[in-house]
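What follows is a set of notes on a single structure, which appears directly below.
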Amino acid sequence: MRAAEAGQGIALVRDIYARPEIAAGRLALAIDRPWPTQFAYYVLTLPENAQKPAVKLFIEWLHQEAATESR
């Protein structure tokens with residue numbers, strides 16, 4: 001999470017670990033739908049990085065992978 005907060009990429013973490021950073025605006029939630037606890041992952045990035053093409057493509061890919069895995 002510290003690397004994501006420093007602008008070095010994204011973090012895949014459980015929401016409980018990122019709540020303070022999200023609440024403070026230091027990180028932004030990229031995937032906003034719930035997941036079963038045993039498979040709960042979240043993508044975090046700085047708000048200004050969320051619209052970067054590479055970040056958007058990676059998040060889209062994660063969504064596709066998650067949809068494939070849930071079938």
| Any residue meeting ring pair (Phe, Tyr, Trp, His ring centres under 6.0 Å) with Y17, in chain and number order, not counting sequence neighbours | none
| message | In this structure, would I22 and L46 fall into the same cluster of hydrophobic residues linked by side-chain contacts under 4.5 Å? | response | no
| Applying the 4.5 Å side-chain criterion to the ILVMFWY set and letting contacts propagate, would L62 and L57 be lumped into a single cluster? | no
| Measuring from K56:NZ to N49:CG, what's the distance to the nearest 0.5 Å? | 13.0 Å
Show me the donor-acceptor pairs, under 3.5 Å and distance only, between side chains in residues 1-12 and residues at least two apart or in other chains.
| unit_1 | atom_1 | unit_2 | atom_2 | d |
| --- | --- | --- | --- | --- |
| R2 | NH1 | E5 | OE1 | 2.6 |
| R2 | NH1 | E21 | OE2 | 2.9 |
| R2 | NH2 | E21 | OE2 | 2.9 |
| E5 | OE2 | R26 | NE | 2.9 |

| query | How far apart are the closest heavy atoms of G25 and P47, and which atoms are they? | reply | O-CG, 3.8 Å
| Same cluster or not: are I16 and L44 linked, directly or through other Ile, Leu, Val, Met, Phe, Trp or Tyr residues, by side-chain heavy atoms under 4.5 angstrom apart? | yes
| Partners passing side-chain hydrogen bond (donor to acceptor under 3.5 Å, both in side chains) against E48 (at least two apart in sequence or in another chain) | none
